[in-house]
Structure formats: structure tokens, C-alpha cells
Amino acid sequence: MNERRQPYPFDVIEPKWQALWDERRQFHAPNPGEPGFDPAQPKYYVLDMFPYPSGAGLHVGHPEGYTATDIVARYRRFRGDNVLHPMGWDAFGLPAEQYAIRTGQHPEVTTRENIARFKKQLKRIGFSYDWEREITTTSPDYFRWTQWIFLQIYHSWFNPETRKAEPISTYQGADPDSVRLAYVAEVAVNWCPELGTVLANEEVIDGKSEVGGFPVVRRPMRQWMLRITAFAERLIDELEPLAWPVGIKLLQRNWIGKSEGAEVQFALPASAERIAVFTTRPDTLYGATYMVLAPENPLVDRLTSAAQRQAVADYRAEISAKSDLERTDLARDKSGVFIGAHAINPASGEQIPIWIADYVLMGYGTGAIMGVPAHDERDLEFAQKFALKIIEVVQPPNDTPATGFIGDGVAINSPLIDGLTTPEAKRRITDWLEEKGLGRRTINYKLRDWLFSRQRYWGEPFPIIWRDGKHEALPDSELPLIPPALDDFKPTGTGEPPLARAPDWVRYSEAATRELNTMPQWAGSCWYYLRYCDPTNADRFISQEAERYWMNVDLYVGGTEHAVLHLLYARFWHKVLFDLGHLTTNEPFQRLVNQGIILGEDGRKMSKRWGNVIDPLDVIEDYGADAFRCYEMFMGPLEQMKPWSMTGVEGVSRFLARVWRLVMEENQAGEWLLSDALAEVEPNRAQLRVMHATIKKVTADIEALSFNTAIAQMMIFVNAFTTVETVPVAALRTLLVVLNPFAPHLASELWESLGKKFPLSPPEITDQPWPEFQAEFLVEDEVEIALQVNGKVRDRVQVPIVVTKEELEALARANPRVREFIAGLTVRKVVVIPKKLVNVVAT
RNA sequence: GCCGAUGUGGCGAAAUGGCAGACGCAACGGACUUAAAAUCCGUUGGGCUUAACGGCCCGUGCCGGUUCGAGUCCGGCCAUCGGUACCA
């Protein structure tokens, strides 16, 4: 590999320019008020999803999105924008902690080493980040404000009147703790014994931990929760105007899972107790022949009859012993137990049996359902298994059988609403329920409150203390709250977090102890885009001035894996901070783009297991950073999944070498000298045309993030100039500017070399304006017209651009090839598309 | 099951409803070279036909529709990938 003759000396010029850029602070974006800040220039904030600095280093997937944003950033700078293009590290997280547990090396050390490696790799690719704005979520200067934001959330509640977060002091009720946006609850959590921690629902895949793939079981624990559900409606509504891929919007909407329906109260014959159920089909109320409670529902204890007590206890034990894995794996086989009690169907007045079954979830709705077997697949399965009564209450529109029909039809066997269509029936029966005080319209969400605490060491400690069994906020003056030094990072095994191993730290005062949990990894990434705007501010998380100037993020590029969680959490925090008056925008990310996954050369997902992982530095070693960048963009559309190809890299590398040789030629001694073919001559007409076509296409393609076609156009440019005897310097300069965002080292170097013989002021390529194409050079004197008969091309002719439609038609009719094909037919119609084709329709 | 995305040469791909396959890879042929590498030039969707120039037919997952004209728009399928899963 290393014997390969270099197509051009990228190994010399790339480090040279990278050092120069650093030295000149070339990519530093001054904030309002700083020297060099020009308020007349528009701002552009282009953001990458910052990486978790893992031990493995970058793979070729990371730089895909990073290259795209870098091209946009460099392009916008040419356009004169004040560009904010930062990078940082999402450095809290499980791998460093696991490594610490295995080796005893403090996570901070591991993290520092990994960051150094990542940063070196990113710099070697030549990204134009403003490194003066680098942030690390594990740095106390940073997480101080993560803790501060948590306290803002803790000190707030969601006022349903204003639909906004407000300071808790505006809450009039008796128990503020019951409405705080950050609260403590005893919840059934996903406990992972292996990791010794709870996990968010989102971190559990198929009953196993996302990290490590260990089994996860349900277990009740006292946890910190964030009341994201209060924002469900706004998280859906305010998504609408954003320039995000429709697929991602849909994913978020589905995740939030809004469904409209009614809550219906079922009375019990023998007690004053009532059971509420949520249904989206109140029109099927007459068909409710039984009721099911979630096994965990607390009502079960009160309602179960003596005779059924043992059976119920056995069933509940069986359920709780099942891990989530088993629950999901055990197909859809319905199970359940009758609890020996009955409820009264409020519409029919019938007594219906109450069961418990694990297909009813405690976490959704009221943890109880009405069973309508005729019109719900799951209920039908359950009723058939346990021989429960089935009543048809919806007539399907066609002849399909009513039982098992779940769509809209006409109500039957339902005295109050018979004959009404499903939407009308829903309306009518709900009105009736509301009148009688038996129910009400309501909306339910799949979204659950965010389980926000973890039993880990390597995370932000909560700025919370406990006194007399009650939580209290630390004052802002005690931030940052730094975790204690430990040398054993293992969880204690009882569910007590590792922080419990530092008793001195835990003891806050005689009467108070610190919270032992830490925040999840998501916390730091919920607001990092804000901190970049003002990364060293010691007084505020972001100054108002910086926030007003830089926000929102104009372009955010990252992987789909964050389509739901990160983006939802960040939007939630942003809205809280907005409501509290700390921000001026209610959404953080204006335009979002997901880059596609890069597969291995074998078409499989890159992984150690397949041995198909590509290391960017290996590629750069052989072909240079510019070739690496250009290949990543030339592979195909940014958002598409596509396989890596080394020969493809070689092709792009050849292209760059051809650019190099347009300017430089090698002498006998193997030195690169300025080419003799260069001259300050006016490009000819054909050259001007390709030059302006290139300006036009590259500009439009960068705006559209269609980088592969932009590169193809530059290849066309270079092909057109490769064979000419005299290379016009002006055309070359234009190429170098539009190429610069893609291959900045090469373009900068050639620009400089060119300047030695053909000086230009100012001399730096980065001081050039972005070229504007001139339409007059794109027009051609002649165009080729396709002559079709009945849609098939029969001939092509060159015609002057100025011919009229009538002339074109006449020309087509007169064409011998056309005549040959219409011989004996009648011409019905002639379609003339100027500059394209003539279609003679004949039958 | 549901939701979403994608199906175009040997491969990555391109194409405001208007000449399908730009650009690149691979392959083949040629030039340069003692030779190779590098570089440069050319050919390259399939089939049929012609001594040759050339000509004809087919072709964008499948079936149908709209249109003078469909890779592109509409309807119905199929396949692959991704997400999600008892959410009442």
C-alpha cells in the first residue's frame, strides 16, 4: 500500500494548510461584541450531532455528515455569512464507566484519551470547526449548567391554562411537589442486573439492554422523572412548521402517539368504587361484555373476591417473574384470570365480569379496558380463549361478518345510537356519557414521562439533597456539583448507585444527604447546541445576546438513530427554557437532515464481527483527506444508505490529481512546478459555457445538499480542460473556488501556487467571493432536436437556437426519416417542445 | 401486523412528465514504455440484422391506467431494508 506512488503530494500540503488554518484562527466565528464581529453579515449556524468519544475512534460513518456540514459551512463563508460551525464531545456514558470497572482507570482519563484521538482524526480530515468553541459534557464548566437547567425544570410546573412551563411559585395548589416538571416517583422500571442500573424504555431493545445486550426485568424503584408528557401536544403541534424530513416528523408523532377518545366510568354493583377505562371507540360501549385490569392495577387488591384471591396472586406472581424478554417473546398468547368481581356496563346496564390480563398495560390510559370482543382483535382472542360473551355492535359497510370487524360502520344493538355511523355514534354516546356524568372526552398519549435517573457513576450528579425524606434543590451557588473521587465504580448490587461508596460526599449536613442517582447520558446533549453559542460564559448558560444572534440552528445533520429520543428530549428542554424566558425561540433545530448509513464493501453493516470496518485515517494515509472527503460525498445522495468502495476512492483521487496537474507539472527531478500551459487568456466560448454551468450546478447542488452531482459537474469541467494546450487561469481560479469547500487543502495550495506567477489581490482563496454564473454564457447557438414519430426517436438534427415552433414542425415533417415512418399514415398532431424535441403523432 | 424508505447496466449512481444510464468504478482495446506502474485516447444495457456505414426491436421490480410522450403522475401487487409492536 505504502509503495503506491502518490498522485499528488497531499501528505505535504494537507498538514501545511491545517496548521495555517489553526494559526490564523481562520474558522473562528466572533460573537456579537467581539473583535472582528460584523453585524451586517447574516449568521448561519450549521451543526453536527456531536459524537460519543468511544475507544474505537471514528469510523467512516461519522465524517459523512461532518463533511456535508463542512462543505456547507465553507460555502456560506464564501458567501460572506458569519458561520457558526462547532464540535464537541458527548462524553458521559456507559462504556467509559464499564472500562473503569474492568480496569480501575478513572473514566475521566479514558474520556480524555478518547477525545484526543477523535479530535486528532477530525483535524486530519480538515474540518473547519471553530475549535475555540469546543465543549465537553463531562467538564464541570459545562455540566454546571446541565445541573442548573435541571433545577430550572425542578422549579417549574406546567400550567395547563397557559400551556406553558411556569415557575413553581405560580402554582396555587396544596402540594407543589405533585406538579413539578422534575419529580420523584415509585415506578416500575427497566432494571438491568448486569449493568446494575435502570434504563429508559428507549434503551431497552427486545427486552435486552441496548448497551451490552443484557436481560432487563421490571422492578419498582424510586426514580426521578421529567414531566415531558405535559408537552406532548406542543411537541406534536410545533413540529409541523419545521423543515425536517417527513419521515422523522412522523416517527416523532407516532412516538408521542396521540389518540382521541373517551374515558368511561364503570360502576360496581356492590361498592361505591368506579373503574375508569379509556377507549377510542366509545360507540362500541354496548359491546363491552367484560373488563380487564392490568395485573399491577392497585384496584385489583380491593376488588378481588376471597374465592379468587389465590388464583389472582398466582397469576400476578407469574407475570412479575417474567422478564420483558419473555413477555415479548411469548407471542401473543392471551392469558388472564377472573377476579371474582363484576362491573356494570353504563349503557346496557348488564353486569360484566372483571378479569386481569397482561395484555392490558398499567402505563397506558387508566390501566383498565372495556373488552369489546366483536370489534377488537385482542379482545376477540381473549374472549374466545375464555368463552366470554360476544355482542356485535357495528355493522360493516359491506357483507363482511360483523365479528372481528374493526373499522367504521353503522351502530347496531345499541339502543341509544342505532343506525348512526361510527363518527356520529362516537359523538352521540360521548355526549350522553358527559350528560350523565359517566364519562368525558379525553386524549391519551403513548409518550410516558421521562425516567431521568441512572444508578451510575459517570454522569451528572443531581443538585438535590434529601432531608426528612423530602427532596430539596441545592442553591445555584453550590454548582457545579462534582462527583466524588472513587476507585471502585461498580454499582453496589442492591440498586444503590456507586455514589453511595463515598459517604463523606453523600453526607451534606447533619440532617441531609445527597441524591445518589446521576442523570442519563441524554442530559448533556439536550442543550449543547446552546452552549456552543457562548461556550465560556461563567455567569449564564448562554448570554441573551449570543442566543438572540445565533439561534436557531439553521442546519442540523446527524443519524436517524436520534430521530426520536435525542431530538424529542432536546426539544422538550428547549421549550421549558423558552417558556421560562431564557430563550427567544421555541424550537431549536430549523432544518434537519439525516445522513444514510455507510455499509462495508461487502454490503453489510460495518462491524468488527464482519471485519469490514474502514478507518478514515487509513484511507487518508493512502489517498489524502481531500480524496476522502470527496469520496464520502461522491458515493451517492447524502441521505441514502450506500456501501463503501476503495476503488471508488481511487476514482475520486484520480479526479483530484487531474485538477492538480491542470496547474502543476512534474519535471525530470520529480519536482512539481507551475504548468507551462497556464496563461492569462480569455477562455473560449465552450470553456466559458462549462465554467458557468459548473458555477450554476455546484451552487445549486450545495444548497440542495446534492454533493454527488456537484462533484460530477466539477469532473466534467476538469475533463473539458485536461486536453487543452493553453489553460486559462481565470477559468481555473473559478474551479478552485467552487472546489474549495469539497477539497479545501488542494484548492488552497493550488490557489497559492497560481498566485506566484499570476498574482491576485487579495491573495487568499478564502477572501474570494463565491462566483456568480452568467446566464448569457450558458445559451448555445445550436441545439440538438430529437425527432420522434409516435414517441419514438427517429432522427436528431442540429438547429439554431432561434428557430420557431412552426419552423421546427415544418422541419420535422420534411425530415426523410420522419417521412419514412409516417408514410401511409395520417398525421393527427405535432407536439413541439422547443430546444428538446418534436413528436409527430400519426395513425 | 402496522408505519416508513428503496427497487434503473457487471457495480456506485444521474435524469423540472420530453433523447434512460450524466459522472465515476470495473472490464476490454489502443498510445506511451525495454517492461510494468502511472498517464492519455477509445469501446462498453440486452437482443436481432448488415460485408460495412447503418438499421430494427426490447429495456428503469411486476400488472394496469392517465398522457402525443411515464424511471418520473395515479391504482393494485411483489421484493429488500429500516423502525415499531398487545398503546385499548
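All chains are named by letter (A, B, ...) in the order of the sequence lines, taking the proteins before the strands, and each is independently numbered beginning at 1.
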Convert the base pairs of RNA chain B into dot-bracket notation, remembering that pairs crossing earlier ones are written with [ ] and that bases paired across to another strand are shown as |; include only Watson-Crick or G-U pairs under 3.5 Å. (((((((..(((.....[....))).(((((.......))))).(((((....)))))..(((((..]....))))))))))))....
Walk me through it: do A/M291 and A/F266 pass the test side chain to side chain contact (heavy atoms under 4.5 Å, CB included)? CA-CA 9 Å; A/M291 176 175 263; A/F266 281 66; 3.3 Å; yes
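- Look at the C1' atom in both B/rU60 and B/rA20: the space between them is 7 Å, to the nearest Å.
- A/R817 and A/E820 are joined by a salt bridge, as a carboxylate oxygen and a charged side-chain nitrogen come within less than 4.0 angstrom of each other.
- Contact check on A/R253 versus A/E240 returns a salt bridge, with a Lys/Arg side-chain nitrogen under 4.0 Å from an Asp/Glu carboxylate oxygen.
- Judged as a salt bridge (charged side-chain N to carboxylate O under 4.0 Å, His left out), the pairs with a partner in residues 691-701 of chain A (not counting sequence neighbours) are, in order, A/K697-A/D701.
- At the heavy-atom level, A/N719 lies under 4.0 Å from the strands shown only through sugar-phosphate atoms.
- A sub-4.0 Å separation between OP1 or OP2 of B/rC40 and a side-chain N or O of A/T722 is absent.
- Every residue meeting the ring-ring contact (aromatic ring centres under 6.0 Å, His included) condition with A/Y359, not counting sequence neighbours, appears here in chain and number order: A/F382.
- Across all strands shown, A/M714 has no heavy atoms under 4.0 Å from either base or sugar-phosphate atoms.
- Across the C1' atoms, B/rG76 and B/rU44 are found 38 Å apart, a figure rounded to whole Å.
- Counting any heavy atom pair closer than 4.0 Å across all strands shown, A/R828 reaches no nucleic acid atom.
- Checked against salt bridge (Lys or Arg N to Asp or Glu O under 4.0 Å), A/D626 has no partners two or more places apart in sequence or in another chain.
- The pair A/K334-A/D358 fails the salt-bridge criterion, with no side-chain N (NZ, NE, NH1 or NH2) lying under 4.0 Å from an Asp/Glu carboxylate O.
- OP1 or OP2 of B/rC25 has at least one side-chain nitrogen or oxygen of A/R654 nearer than 4.0 Å.
- The closest side-chain heavy-atom distance from A/M225 to A/L451 is below 4.5 Å.
- No contact: A/G247 has no heavy atom under 4.0 Å from any strand.
- Comparing B/rC32 with B/rA37, their P atoms are spaced 15 Å from each other, to the whole Å.
- Atom P of nucleotide B/rG12 and atom CD1 of A/I614 are separated by 16 Å, given to the nearest angstrom.
- Comparing the P positions of B/rA26 and B/rC11 gives a spacing of 15 Å, expressed to the nearest Å.
- Closest of all the heavy-atom pairs between A/H566 and A/M49 is CD2-CE, 4.4 Å.
- Here the P atom of nucleotide B/rC3 and the NZ atom of A/K446 are 12 Å apart, to the nearest Å.
- For the pair A/E809 and A/R813, the salt-bridge criterion is met [side-chain N within less than 4.0 Å of a carboxylate O].
- Base engagement by A/L837 is indicated by at least one non-hydrogen atom pair under 4.0 Å involving a base atom.
- Residues A/W450 and A/Y569 bring their aromatic ring centres within 6.0 Å.
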Report, as a single string ordered 5' to 3', how protein heavy atoms within less than 4.0 Å touch nucleotides 52-58 of chain B: B base, S sugar-phosphate only, - not at all. ---SSSS
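- With P as the reference atom, B/rU34 and B/rG47 are 40 Å apart, rounded to whole Å.
- When the P atom is compared between B/rC63 and B/rU72, the two are found 13 Å apart, to the nearest whole Å.
- The stretch residues 630-640 of chain A touches RNA chain B through A/F634, A/M635, A/P637, A/Q640, each having a heavy atom within less than 4.0 Å of the strand.
- Distance from the side chain of A/N708 is smallest for B/rA14 among the nucleotides B/rA14, B/rC3, B/rU39.
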Taking N or O atoms only and anything under 3.5 Å, show me the protein contacts with nucleotides 68-74 of chain B, one pair per line.
residue: B/rC68; atom: OP1; partner: A/K829; partner atom: NZ; Å: 3.4
residue: B/rC68; atom: O2'; partner: A/N839; partner atom: ND2; Å: 3.4
residue: B/rC68; atom: O2; partner: A/N839; partner atom: ND2; Å: 2.7

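- Set against B/rC41, B/rC86, B/rU39, the side chain of A/K334 has B/rC86 as its closest nucleotide.
- Listed nucleotides B/rA88, B/rC23, B/rC3 differ in distance to A/M715; the shortest reach to its side chain belongs to B/rC23.
- Positionally, the nearest nucleotide of RNA chain B for A/K697 lies more toward the 5' end than for the other of A/K697 and A/T279.
- Remark: A/R658 is in phosphate contact with B/rC40, judged by side-chain N or O atoms under 4.0 Å from OP1 or OP2.
- In terms of position on RNA chain B, the residue among A/K835 and A/G365 whose nearest nucleotide sits closer to the 5' end is A/K835.
- Atoms CD (A/E650) and C1' (B/rA27) sit 15 Å apart, rounded to a whole Å.
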In a table with atom names and distances, give each donor-acceptor pair under 3.5 Å that connects a side chain of residues 835-843 of chain A to protein atoms at least two apart or in another chain.
residue: A/N839; atom: OD1; partner: A/N790; partner atom: N; Å: 3.3
residue: A/N839; atom: OD1; partner: A/G791; partner atom: N; Å: 2.9
residue: A/T843; atom: OG1; partner: A/R828; partner atom: NE; Å: 2.6
residue: A/T843; atom: OG1; partner: A/R828; partner atom: NH2; Å: 3.3

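- Residue A/W644 contributes atom CH2, which lies 14 Å from atom P of B/rA13 at whole-angstrom precision.
- The salt bridge (Lys or Arg N to Asp or Glu O under 4.0 Å) check on A/R440 picks up A/E263, with sequence neighbours excluded.
- For A/T400, the side-chain hydrogen bond (donor to acceptor under 3.5 Å, both in side chains) partners two or more places apart in sequence, or in a different chain, are A/N398.
- Heavy atoms of A/T560 sit nowhere under 4.0 angstrom from any nucleic acid atom.
- Taking atom CD1 of A/I716 as the reference point, atom C1' of B/rA13 lies 13 Å away to the nearest angstrom.
- Across the C1' atoms, B/rG59 and B/rG46 are found 7 Å apart, a figure rounded to whole Å.
- Remark: A/Y631 engages A/W644 in a ring-ring contact (aromatic ring centres under 6.0 Å, His included) (not counting sequence neighbours).
- Rounded to an integer number of Å, the gap from CG of A/D358 to P of B/rC86 is 10 Å.
- With B/rA14, B/rC40, B/rC23 as the candidates, the nucleotide lying closest to the side chain of A/T709 is B/rA14.
- In this structure B/rG9 sits in the syn conformation; its chi angle is within 90° of 0.
- Contact record, A/H375 with A/F405: ND1-O, 2.8 Å, taken as the closest heavy-atom pair.
- Summarising the geometry, the separation between CZ on A/F655 and P on B/rU39 is reported as 15 Å, rounded to the nearest angstrom.
- Scored by the side-chain hydrogen bond (donor to acceptor under 3.5 Å, both in side chains) test, A/E64 finds A/K642 as partners (sequence neighbours excluded).
- The side chain of A/T647 lies closest to B/rC25, out of B/rC25, B/rC40, B/rA88.
- Between B/rA13 and B/rA51, the two C1' atoms lie 39 Å apart (nearest whole Å).
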